[in-house]
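Encoded as structure tokens, the structure appears first; notes follow it.
Since the model is a prediction, treat every value here as computed from it, not as a measurement. Computed from heavy atoms alone, side chains included, the values below leave out hydrogens, waters and symmetry copies.
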Amino acid sequence: MQKRSSFGWLELAIGIILILLGILAFFKPDLALTSMVFAYGLTAIIMGATDIYLYIKIERYIGFGPLLSLIAGVLSVMAGIMLVGYPKTGAIVLSILFPIWFIAHCISRLTQLNHIRFVAGDTIYYLILIINIIGLILGIAMMFSPIFTLRTLRYLASLYMTLLGIDSIIMAFSRMGKHF
């Protein structure tokens with residue numbers, strides 16, 4: 001039996017955290033927006049670090065996709081640091097950064113689909129494809145209506161964080177962790 005690398009465990013931990021954050025944001029709307037901004041800032045930093053780690057691990061195997069993963073990772077870390085450092089201002093800026101983060105992360109995952117299909121199989125390929133297409137649609141919708149984003153941020157963030165958590169858990173239990 002081949003031993004799994006820490007990559008699968010990292011994805012699992014991120015997935016659980018994201019699902020818990022998503023559920024918390026949906027069922028506790030009375031939480032202060034600044035505390036949500038702080039939590040999402042920490043999540044963005046963790047996810048960005050994961051994307052950068054993914055770039056380091058797979059850049060030698062495939063071409064263009066990992067570069068987008070690196071860019072998405074850097075953008076996520078930058079957005080996370082801004083949100084953690086300035087949570088009150090972050091609530092307003094989040095209506096612009098959140099859609100960009102959605103779009104960048106989804107494009108990063110979509111560019112990795114060929115590798116995911118090869119390593120993890122068709123079922124996981126289609127699940128990740130659907131999750132990231134939904135994320136792209138949400139990101140584009142939020143880009144065209146920042147006021148809509150600000151009003152519905154809690155629900156959109158909850159939905160997307162839960163979808164990202166499911167995506168991460170799928171990746172953790174796929175055969176992806178065995179190949180790095």
Not counting sequence neighbours, list each pair that qualifies as a side chain to side chain donor-acceptor pair (under 3.5 Å) and has a residue in residues 71-86.
-> Ser76-Trp101
Out of curiosity, [X] [atom1] to [Y] [atom2], how far, rounded to the nearest 0.5 Å?
{"X": "Leu129", "Y": "Ile124", "atom1": "CG", "atom2": "CD1", "value": "13.5 Å"}
{"X": "Ile19", "Y": "Ile14", "atom1": "CD1", "atom2": "CD1", "value": "12.0 Å"}
{"X": "His105", "Y": "Leu136", "atom1": "NE2", "atom2": "CG", "value": "10.5 Å"}
{"X": "Glu11", "Y": "Ile169", "atom1": "CD", "atom2": "CD1", "value": "10.0 Å"}
{"X": "Thr123", "Y": "Arg117", "atom1": "OG1", "atom2": "CZ", "value": "10.0 Å"}
{"X": "Asn132", "Y": "Leu110", "atom1": "CG", "atom2": "CG", "value": "5.0 Å"}

Provide the closest heavy-atom pair for [X] versus [Y] in the form atom of the first, atom of the second, distance.
{"X": "Gly73", "Y": "Asp51", "value": "CA-CB, 3.6 Å"}
{"X": "Val84", "Y": "Phe38", "value": "CG1-CE1, 3.3 Å"}
{"X": "Leu75", "Y": "Ala104", "value": "CD1-CB, 4.2 Å"}

Close side-chain approach of Ile140 to Pro99, heavy-atom, < 4.5 Å = no
With sequence neighbours left out, the residues meeting side-chain contact (heavy atoms from CB on, under 4.5 Å) with Ile52 are Ile56, Leu70, Val74, Val77
Going through the distances and angles, do Leu12 and Ser168 end up as a side chain to side chain contact (heavy atoms under 4.5 Å, CB included)?
-> CA-CA 6 Å; Leu12 178 64; Ser168 292; over 6 Å; no
When you look at Thr162 and Leu18, which way does the side chain to side chain contact (heavy atoms under 4.5 Å, CB included) test go after all the steps?
-> CA-CA 6 Å; Thr162 304; Leu18 289 172; over 6 Å; no
